Protein chains: 2
Amino acid sequence: MSEGNVRRRATRAARAPLSRAEVVEVALRYVDEHGLDALTMRALATQMGVYPTALYWHMGDKAQLVAAVSAKVLEDIVLPSGHDMRWDDWLSTVALSCRDAMRRHPNLAPVIGSQLAVTTTALPLVERVIDVLERAGFTGQTLIEVYNTVIGFVLGWVTLELSQGPAEGNDEWQQEYEAQLRSANPTAYPALTRNLDLLANNAFLVRWDSGRDRPMDLSFETALDVLIRGLRAKRE
Amino acid sequence: MSEGNVRRRATRAARAPLSRAEVVEVALRYVDEHGLDALTMRALATQMGVYPTALYWHMGDKAQLVAAVSAKVLEDIVLPSGHDMRWDDWLSTVALSCRDAMRRHPNLAPVIGSQLAVTTTALPLVERVIDVLERAGFTGQTLIEVYNTVIGFVLGWVTLELSQGPAEGNDEWQQEYEAQLRSANPTAYPALTRNLDLLANNAFLVRWDSGRDRPMDLSFETALDVLIRGLRAKRE
DNA sequence: ACCTGAACACCGTTCAAGT
DNA sequence: ACCTGAACACCGTTCAAGT
């Protein structure tokens, strides 16, 4: 306990004052390494050689910290240059780029999917997507709806892909579920039974490994293809 | 403290033993009423007139409880009868029905989006979607990919729609964000500036009210339309 | 089998105080 | 302005014990 204090002091001797940006940075790395549940005001404080209450001065409360950290993930999205590409190619590229950014910080996927995430860090993405959809011919109210279609699809889909089961370490429930799935009544579930080997652990709602370990690359590409084809048809 | 025990005892006098199903039921209602953060092993135990540790006997730990509760939301999805409908109409109906089910339990949206949710409760949905996609002409590996396209789109999109900002009660950050948004540099963000009035609080990443309070009905319908058109094109 | 009761090692957050 | 230090009211979870 006093030992902890000593180490803390040692690490932080003659140190520049904390900044909000620095706290968020360290928190992001911490979550990447130790998981979202391990992100604790106290743990982060210890990591930074500071008292927990110091974080409150910079960040407000924990909810705001988490919001700031999740916003930083979207900052990482690489936006292709653009005006030399067709609108549909550009959209595909940026969708894959969003997915990559989220895959780089899978522990934050739940937060990205469920947090409003209003920050100026996302504005470049918004600007470019709106721009390219205008070039595709969408305007006014339809433009907004199509924008929401695209963003909701990409961010939502990948959130689901990266979702996890309870207790990642525990694989008893995995085997139990697989057994339960394979013994499903064939007359009650004929279509499922017909395709069981293809579905098992490969399809949403009937898989036990997360997209973290088992990327759903082909499905995402198909989803993207469906999206683009749908948008083309919508333009008519 | 001993007062608490007395009330607990009173509520639960001559009571049938707890069942797993009952715990999950009460937990779902509790989350609907008080929010996900308020769901605590201790609070739920008090609600049920029982010691916290009694829950552990039935549910395992909290992660498993939450998983079971979120699975129950999917149980609520109304599946239209089917074989008298065209595949595309059926898919639209069931997508709207999924969204309705999630909107009935908005506090659980973050969990549905981010939890693997492997339970037999989702099997009817899986069966029917697979069945209808086969009828639409998809088979084998493509069938799986298209299935993932559909499920990922619907569940993911609605998860995003129902997402919330940090500290729901606090509306300082909302005003602050709106001000920040409206003062965005017009030369850096021309497309955004052109459509600012349409976008503000209506589009993903630039809204401050949750889809709980501000349903994105039109956008979801458009998204659905794009999905269906895309699937039609994919069949060719 | 099902639950009580006590205990442990944590949390987030507030508030006064230092510099 | 920025941080320490102590304190408060909680958590989830384990384990022994009761019936």
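Bear in mind that the values here come from a model prediction, so they are computed numbers and not experimental data.
Between B:His58 and C:dC3 there is a side-chain N or O to OP1 or OP2 distance below 4.0 Å. Of the side-chain N and O atoms in B:Thr40, one or more sit less than 4.0 angstrom from OP1 or OP2 of D:dG12. Phosphate contact (OP1/OP2 of C:dC3, side-chain N/O of B:Tyr51, threshold under 4.0 Å): absent.
Between B:Arg20 atom CZ and C:dC2 atom P there is a gap of 13 Å when expressed in whole angstrom units. The CE atom of B:Met48 sits 11 Å away from the P atom of C:dT4 (whole-angstrom rounding). In this structure, the CZ atom of A:Arg42 is 14 Å from the P atom of D:dT4, given to the nearest Å. Regarding A:Leu36, its CG atom lies at a distance of 15 Å from the C1' atom of C:dG12, rounded to whole Å. Per the geometry, CG belonging to B:Leu65 stands 10 Å off P belonging to D:dG12, to the nearest Å. As rounded to whole Å, 13 Å separates atom C1' of C:dA1 from atom CG of B:Leu18. As a whole-Å value, the separation of B:Leu55 CG from C:dC2 P is 14 Å. Computed from coordinates, the A:Lys62 NZ to D:dC11 C1' distance equals 12 Å when rounded to whole Å.
Summarising the base pairing, C:dC10 is matched to no nucleotide, lacking a Watson-Crick or G-U wobble pair whose two defining distances lie under 3.5 Å. Base pairing annotation: C:dT4 forms a Watson-Crick or G-U wobble pair with D:dA16, both donor-acceptor distances under 3.5 Å.
Summary of the strand contacts: A:Ala38 and A:Thr53 both lie near DNA chain C, and taking for each the nucleotide with the nearest heavy atom, the more 5' one is attributed to A:Ala38.
You'll find that the side chain of A:Asp61 is closest to C:dT13, out of D:dC3, C:dC11, C:dT13. Looking at the side chain of B:Pro17, the nearest of the listed nucleotides D:dC3, D:dT13, C:dC3 is C:dC3. Listed nucleotides: C:dG12, D:dG5, D:dC2. Nearest to the side chain of A:Trp57: D:dC2.
With respect to B:Glu33 and B:Arg29, no salt bridge is recorded, no charged nitrogen being found less than 4.0 Å from a carboxylate O. A salt bridge does not link A:Arg103 to A:Asp76: none of the charged nitrogens lies less than 4.0 Å from a carboxylate oxygen. Under 4.0 Å is where a charged nitrogen must lie from a carboxylate oxygen, and between A:Arg212 and A:Glu161 no such pair does.
Judged by distance alone, the side chain of A:Asn148 and the main-chain N or O of B:Phe220 form no donor-acceptor pair under 3.5 Å.
Using modelled atom types and a 3.5 Å distance limit, the side chains of A:Arg207 and A:Ser163 yield a donor-acceptor pair.
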